[in-house]
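Remarks on the structure that follows.
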Amino acid sequence: MTVLRIGYALLLLTVLGLDAFCGSILSAAATALLVLTPLVCALLHLRAAKKLRVRLDAPVNLEKGEAGKLRIRVENASALPACLLGVRLRLTNLLTGQTAVRHYRLTALPKRTSVSEYRISSAHCGRIQLTAERCCLYDPFGIIGIRLGEPAVAAMTVQPKGFVQSVYVSPDANCPDDSENYAPDRTGYDLAEVYALREYAPGDSLRQMHWKLSGKLDKLVVREPSLPVRRSVLVFWERTQTAAPEQSDAQADVVVTACRSLLESGVQFTVCWNDAQEQQCVSQPVRSVDELTGLLPRLLSAGTAQGESGAALFCRSSGEAILSHILYITGRVPEDAAELGRFGRLTILSCGADAPEAIAFDAEHYAEQLSELEI
């Protein structure tokens, strides 16, 4: 837009010079045309802008470094063409806090919808918020802009690539195999103990069928398996800290990969992180890959902020939580992180900060450093 305005200024100065030097009707008409065109277009655009809408269509999911298609739709319900529509698009990574601004020039014919495609990608994972924060209809010279209505918004999730990892969940000494305890508040995977009975649903495993009871009730009944306490894992991500985008990206990759590795090992778990701005802990049990995928938009929106550590919040709000293992991922290790050990066996993974009680990893070599993990 700046180039158009500079060109307009140079053209106007040239015409004014000719008019002053020659004083002809042609030069005067050219001067009047250049001066009046932006004003007349602005008056017409005041009405047309009410019938213009900009829509954003972004990919739902992308992998880090992968390019996708961003579609910007301009719906023009007016009888006037939108010859020059300027769109300022802001992209905000809610996880890392990074922002970027892009500018687009679009057009739309009368009574038509035009679609423009652009490549979009992100070098870091996270939840990307896209906002067309300024959409203006301009005259051909880009002098006077008439703003459209509400800004268009969209969002996409850029997932971490993940890495190959083997996770071994060691037995809990406080809960040996011969005296197994089960979590009373959630299902698990152990059919040796029944958590609940319910009617059969498509997709249920035949291993869960309660054949004897099904024969008595003349309908199919399945057993909900229980969760052994010795295998009840909590994956906690500390978000009360400042971190470079590369470190937040690495931590997110470690968290998601650990979750996938636990699922591959047949271990169900709970993912927890602290909402640093709201000063509360958010937790979600995960029993399948689909549940983990559905959780990623929220998990990868967990930005950082200053305040009370997530470890302290969890200790204060969780009462007597039934756990056996806690995998705690953080940047620096807060002083009160050790308090998590009273809930179960604690394993701390620290990104970019050495601590005697933690397994350290960095933003460049974490895939090799954490390829094998025992918790």
Side-chain angles (χ1 to χ4, degrees), residues 56-71 91-96 98 120-130 153-167 169 183 186-189 201-205 208 224-225 227 231-239 245 248-275 281-304 310 325-329 349 351 366-367 370-371 373 375:
L56 300 178
D57 184 10
V60 176
N61 290 291
L62 277 181
E63 193 174 276
K64 181 174 64 175
E66 176 188 1
K69 289 183 179 179
L70 168 66
R71 294 180 176 88
L91 299 90
T92 304
N93 189 321
L94 301 179
L95 178 70
T96 65
Q98 295 170 293
I120 187 171
S121 63
S122 175
H124 300 112
C125 62
R127 182 70 169 171
I128 309 297
Q129 187 77 38
L130 300 93
V153 295
M156 67 179 185
T157 301
V158 179
Q159 300 184 15
K161 288 185 176 181
F163 55 94
V164 178
Q165 183 183 63
S166 299
V167 174
V169 182
R186 54 198 172 108
T187 61
Y189 55 87
D204 287 336
S205 171
Q208 295 179 246
E224 287 280 6
L227 177 67
R231 301 270 282 180
S232 55
V233 177
L234 176 71
V235 180
F236 193 98
W237 190 10
E238 176 66 64
R239 302 306 293 144
S248 292
D249 179 86
Q251 291 177 44
D253 205 344
V254 169
V255 170
V256 175
T257 298
C259 291
R260 290 171 178 166
S261 300
L262 288 171
L263 287 174
E264 291 174 359
S265 300
V267 179
Q268 296 179 11
F269 55 92
T270 296
V271 179
C272 186
W273 69 94
N274 57 305
D275 187 325
C281 290
V282 182
S283 63
Q284 181 68 46
V286 176
R287 295 172 293 182
S288 65
V289 174
D290 289 341
E291 288 187 0
L292 177 61
T293 302
L295 180 63
L296 287 183
R298 292 181 63 197
L299 182 65
L300 298 179
S301 299
T304 62
H325 298 77
I326 300 171
L327 181 61
Y328 181 72
I329 297 95
L349 305 182
C351 179
Y366 60 89
L370 302 178
S371 61
L373 183 63
I375 61 176

L262 side, atom CG; L292 side, atom CG - distance, nearest 0.5 Å: 10.0 Å
Atom of W237, atom of L95 and distance for their closest heavy-atom approach: CH2-CD1, 3.4 Å
From D249 atom CG to C351 atom SG, the distance as rounded to the nearest 0.5 Å: 9.5 Å
Atom pair CG (L349) and CG (L327), whose distance is rounded to the nearest 0.5 Å: 5.0 Å
pair P160-L300: side-chain heavy atoms closer than 4.5 Å: yes
Close side-chain approach of L91 to I120, heavy-atom, < 4.5 Å: yes
Short side-chain to backbone donor-acceptor contact, D253 and G162, under 3.5 Å: yes
Closest approach of P59 to M156 (non-hydrogen atoms, all atoms of both residues): O-CB, 2.7 Å
Donor-acceptor contact present, side-chain S122 to main-chain C125, <3.5 Å: no
Check: L370 main-chain N/O paired with Q165 side-chain donor or acceptor under 3.5 Å: yes
Side-chain donor-acceptor contact under 3.5 Å, T157 with R127: yes
Under 3.5 Å: donor-acceptor pair, side chain of E238, backbone of I329: no
Expected output: side-chain N274 to main-chain R239 donor-acceptor under 3.5 Å: yes
Value rounded to 0.5 Å, distance of CG in L373 from OG in S261: 8.5 Å
Sub-4.5 Å side-chain heavy-atom contact between T96 and N93: yes
Nearest heavy atoms of V169 and V267, plus distance in Å: CG2-CG2, 4.1 Å
Smallest separation among heavy atoms of L56 and L130, with atom names: CD1-O, 3.9 Å
Nearest non-hydrogen partners of Q129 and V153, listed with the distance: NE2-CB, 4.2 Å
E66 side chain to L62 backbone, donor-acceptor under 3.5 Å: no
Shortest non-hydrogen contact between N61 and Q159, atoms and distance: OD1-NE2, 3.2 Å
Straight-line distance of R298 CZ to W273 CH2, nearest 0.5 Å: 4.5 Å
From SG (C272) to CD1 (I326), nearest 0.5 Å: 10.0 Å
